[in-house]
Chemist: 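Take a look at the following structure, please.
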Amino acid sequence: MFDAVTRRPVTLEGLARDVRCGRRFRVREGESGSECTYQVLAQVLLSALAPAVPGGIRAVGGTSGTVEPLFGGDGDGSPPLRNG
């Protein structure tokens with residue numbers, strides 16, 4: 001996954017931090033462009049719960065897509081910053 005604004009890779013751990021901070025985002029599948037935000041949020045939850053569950057939890061399937069912030073970097077409801 002990569003951030004559509006910064007053009008940098010995004011990890012599930014990074015998205016988990018964003019969720020904890022109240023930041024909102026949308027994820028689109030890389031090939032088709034279809035929205036897969038809920039699937040990625042499920043993977044974020046599974047990765048966050050894995051250390052607390054004996055034997056761990058593993059996410060099914062990989063995710064390759066684009067993360068689009070719905071609001072500014074501060075999670076304050078402002079529109080995302082766009083270059084050019």
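Starting from 1, each residue takes its place in the sequence as its number.
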Chemist: Is there side-chain contact between Met1 and Leu15, with at least one heavy-atom pair below 4.5 Å?
Modeler: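 Contact flag for Met1/Leu15 side chains = yes.
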Chemist: Closest heavy-atom contact between Val27 and Val40?
Modeler: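 Taking every non-hydrogen atom into account, CG1-CG2, 3.7 Å.
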Chemist: For Ser32, check side chain to side chain donor-acceptor pair (under 3.5 Å) against everything at least two apart and list the hits.
Modeler: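 Side chain to side chain donor-acceptor pair (under 3.5 Å) check on Ser32 returns Glu29, Ser34.
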Chemist: Taking only residues two or more places apart in sequence, or in another chain, which ones meet Ala42 in a side chain to side chain contact (heavy atoms under 4.5 Å, CB included)?
Modeler: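 For Ala42, no residue satisfies side chain to side chain contact (heavy atoms under 4.5 Å, CB included) once neighbours in sequence are set aside.
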Chemist: What's the spacing between Leu45 CG and Leu12 CG if we round to 0.5 Å?
Modeler: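 Answer rounded to 0.5 Å: 10.5 Å.
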Chemist: State the CZ-CG distance between Phe25 and Asp18, to the nearest 0.5 angstrom.
Modeler: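 Output value for this atom pair is 6.5 Å.
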Chemist: What pairs with Arg20 under side chain to side chain contact (heavy atoms under 4.5 Å, CB included), at least two apart in sequence or on another chain?
Modeler: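 For Arg20, the residues satisfying side chain to side chain contact (heavy atoms under 4.5 Å, CB included) (neighbours in sequence not counted) are Ala16, Arg17.
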